[in-house]
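Predicted, not measured: the structure shown is a model, and the values here were computed from it.
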Amino acid sequence: KIVFDDEDPDFGKPNTATNKSRSDLLARKKAKEKLRIRISQRLESLLFDSNYSLYEYSKIAPKVRTRINTFISEEKETFDFQPFKNQLIAKSTIKLSGKQGFLAYLPMDYGTENVPVFAEEVLPELYSGLVVDARHLDLKKALFPKIQSDRGLDIYSPVYVKEGYAIETGYIVYRTDATESNFAKRVGKNPFFIVGLGVAGKNQTDIILPTDEVAKLLSHPETRKNLTRCRVMILVSK
């Protein structure tokens with residue numbers, strides 16, 4: 001509120017200014033404070049995996065809580081302020097991937113195991129990545145979902161991927177746009193397309209695939225290597 005008349009009863013009170021420049025400055029400061037609180041709340045509400053939200057996981061892994069607080073304190077947000085009539089519309093965004101992204105702050109055991117190899121005799125075929133169509137499923141988005149066969153074998157998990165790729169490109173990417181021409185940057189020009197059978201896990205974040213199709217996907221060593229590079233995309237309805 002702008003109050004420039006020193007006889008006005010609100011003159012000099014908190015949250016008032018004597019000119020527009022000062023008013024804009026105060027509005028931006030207040031908006032930043034509110035947005036930073038909301039970002040912290042939003043981060044904690046994210047599903048970590050099939051068992052925990054990020055808040056729940058931070059309660060059993062104190063180091064995660066410390067990392068979240070560090071990320072927030074370092075002010076990684078970018079702000080956008082747009083004046084509209086007598087209001088200030090403020091937006092804030094953070095990055096999940098990249099060296100300055102949130103994933104870089106989460107302690108994870110990446111790449112501790114090898115992508116499984118199926119014993120079925122399948123003619124090896126090289127695929128540049130994996131695209132799972134889950135648009136028909138009631139799938140919940142998470143930071144670290146797993147993909148598994150209908151026999152319960154995990155075929156995509158943090159323990160299989162390389163840390164550098166998981167941080168730089170993100171462990172997983174969800175897309176609503178099913179236009180194949182937009183897939184190449186993430187999963188290459190010859191990805192393996194498959195329709196999910198169902199969802200699994202307490203939080204319904206993990207995807208189940210038919211075992212016979214999984215055997216085809218994992219038949220080539222270079223395909224398995226591409227999975228370790230996080231070349232995986234999940235199509236969702238929203």
Side-chain angles (χ1 to χ4, degrees), residues 32-79 92-116 130 132 134 137-149 151-175 186 196 198-209 224-234 236:
K32 279 187 176 182
E33 292 172 353
K34 289 185 176 181
L35 285 172
R36 298 191 74 232
I37 292 173
R38 291 187 181 182
I39 285 176
S40 178
Q41 294 171 337
R42 183 70 183 94
L43 282 175
E44 291 185 343
S45 70
L46 292 175
L47 292 179
F48 180 77
D49 58 16
S50 60
N51 293 312
Y52 304 102
S53 68
L54 193 56
Y55 172 73
E56 291 169 339
Y57 189 65
S58 70
K59 291 177 69 177
I60 63 172
K63 191 175 182 180
V64 172
R65 165 54 53 196
T66 301
R67 295 289 184 87
I68 294 174
N69 292 340
T70 299
F71 180 80
I72 295 297
S73 67
E74 291 184 1
E75 300 185 17
K76 301 294 185 179
E77 313 94 331
T78 57
F79 295 95
S92 179
T93 57
I94 62 169
K95 291 183 177 181
L96 288 180
S97 59
K99 293 181 180 179
Q100 299 299 314
F102 183 61
L103 292 180
Y105 284 72
L106 290 180
M108 290 292 294
D109 292 326
Y110 293 110
T112 59
E113 299 180 24
N114 295 321
V115 177
L130 171 65
V132 180
L137 301 175
D138 187 20
L139 179 73
K140 303 297 188 299
K141 298 177 185 177
L143 293 175
F144 298 102
K146 293 180 180 179
I147 300 175
Q148 57 188 213
S149 74
R151 296 178 186 173
L153 176 68
D154 290 341
I155 66 162
Y156 188 69
S157 162
V159 299
Y160 299 144
V161 305
K162 296 179 180 178
E163 182 175 5
Y165 285 95
I167 290 175
E168 189 61 35
T169 67
Y171 167 77
I172 198 73
V173 64
Y174 296 95
R175 289 284 186 270
R186 178 70 188 197
V199 296
K202 185 183 73 174
N203 290 329
Q204 301 290 280
T205 63
D206 298 345
I207 301 178
I208 302 172
L209 304 181
R224 297 194 295 273
K225 187 179 293 185
N226 284 332
L227 293 183
T228 70
R229 296 167 176 162
C230 302
R231 293 183 179 177
V232 178
M233 176 186 295
I234 300 176
V236 292

Going by atom type alone, with no hydrogens or angles, which donor-acceptor pairs under 3.5 Å involve a side-chain atom of residues 61-72 and a protein atom two or more places apart or on another chain?
| from | atom 1 | to | atom 2 | distance (Å) |
| --- | --- | --- | --- | --- |
| Arg65 | NH1 | Glu44 | OE2 | 2.9 |
| Arg65 | NH1 | Asn69 | OD1 | 3.4 |
| Arg65 | NH2 | Glu44 | OE2 | 2.5 |
| Arg65 | NH2 | Ser58 | OG | 3.3 |
| Thr66 | OG1 | Pro62 | O | 3.3 |
| Arg67 | NH1 | Tyr105 | O | 2.9 |
| Asn69 | ND2 | Arg65 | O | 3.4 |
| Thr70 | OG1 | Thr66 | O | 2.9 |

- Task: Would you check, one step at a time, whether the test side-chain contact (heavy atoms from CB on, under 4.5 Å) holds for Asp154 with Val159?
- Result: CA-CA 10 Å; Asp154 290 341; Val159 299; over 6 Å; no
- Apply salt bridge (charged side-chain N to carboxylate O under 4.0 Å, His left out) to Glu163 and list each qualifying residue two or more places apart in sequence or on a separate chain. none
- Query: Measuring from Phe102:CZ to Leu54:CG, what's the distance to the nearest 0.5 Å?
  - Reply: 4.5 Å
- Query: What side-chain hydrogen bond (donor to acceptor under 3.5 Å, both in side chains) pairs are there with at least one residue in residues 198-209, not counting sequence neighbours?
  - Reply: Ser50-Asp206
- Item | Check: Leu227 and Leu130 side chains under 4.5 Å, non-hydrogen atoms | yes
- Query: Under a 4.5 Å cut-off applied to non-hydrogen side-chain atoms, are Met108 and Phe144 in contact?
  - Reply: yes
- How close do Gly98 and Ala104 get, heavy atom to heavy atom, and via which atoms? O-CB, 3.9 Å
- Message: Taking the side chain as everything from C-beta on, heavy atoms only, tell me whether Lys32 gets closer than 4.5 Å to Glu77.
- Response: no
- Task: Take Ile94 and Leu43 through the side-chain contact (heavy atoms from CB on, under 4.5 Å) test and state the conclusion after the steps.
- Result: CA-CA 10 Å; Ile94 62 169; Leu43 282 175; 3.6 Å; yes
- Query: Distance from Ile155 atom CD1 to Arg224 atom CZ, nearest 0.5 Å?
  - Reply: 12.0 Å
- Can you establish whether the number of heavy atoms outside Lys76 located under 6.0 Å from its atom NZ is more than 12? yes
- Taking side chain as C-beta onward, heavy atoms only, is Leu153 less than 4.5 Å from Gln148? no
- Within a strict 4.5 Å, meaning less than it, do heavy atoms of the Arg186 and Thr169 side chains meet? yes
- Message: Return the CG to CD1 distance between Leu209 and Ile147, rounded to the nearest 0.5 Å.
- Response: 6.0 Å
- To the nearest 0.5 angstrom, please state how far the CZ atom of Arg38 sits from the CD atom of Gln41. 8.0 Å
- Query: If you take all heavy atoms of Val132 and Gly196, which pair is closest and at what distance?
  - Reply: CG1-N, 4.2 Å
- Task: Evaluate whether atom OH of Tyr57 has more than 12 neighbouring non-hydrogen atoms of other residues, nucleotides or ligands under 6.0 angstrom away.
- Result: no
- Query: Is there side-chain contact between Lys99 and Glu168, with at least one heavy-atom pair below 4.5 Å?
  - Reply: yes
- Query: For Lys225, what residues pass the salt bridge (charged side-chain N to carboxylate O under 4.0 Å, His left out) criterion, not counting sequence neighbours?
  - Reply: Glu222
- To the nearest 0.5 Å, how far apart are OH in Tyr52 and CD1 in Ile60? 3.5 Å
- Message: Is there a side-chain contact between Cys230 and Tyr156 in this structure, where contact means two heavy atoms from C-beta onward sitting under 4.5 Å apart?
- Response: yes
- Task: Any chance you could measure Lys141, atom NZ, to Ile172, atom CD1, to the nearest 0.5 Å?
- Result: 12.0 Å
- Taking only residues two or more places apart in sequence or in another chain, which ones pass salt bridge (charged side-chain N to carboxylate O under 4.0 Å, His left out) with Arg42? none
- Message: Which residues pass the salt bridge (charged side-chain N to carboxylate O under 4.0 Å, His left out) test with Lys34, not counting sequence neighbours?
- Response: none
- Nearest heavy-atom pair of Phe79 and Arg36: which atoms, and what distance? CZ-CG, 4.1 Å
- Task: Starting from the C-alpha separation in whole Å, work towards a yes-or-no answer on side-chain contact (heavy atoms from CB on, under 4.5 Å) for Val199 and Asp138.
- Result: CA-CA 7 Å; Val199 296; Asp138 187 20; 5.6 Å; no
- Query: At their closest point, which heavy atom of Pro145 faces which heavy atom of Tyr171, and how far apart are they?
  - Reply: O-OH, 2.6 Å
- For Leu103 and Gly170, the nearest pair of non-hydrogen atoms, with its separation, is CD1-CA, 3.9 Å
- Message: Surrounding OH of Tyr55 (heavy atoms of other residues, nucleotides or ligands, distance under 6.0 Å), is the total greater than 12?
- Response: no
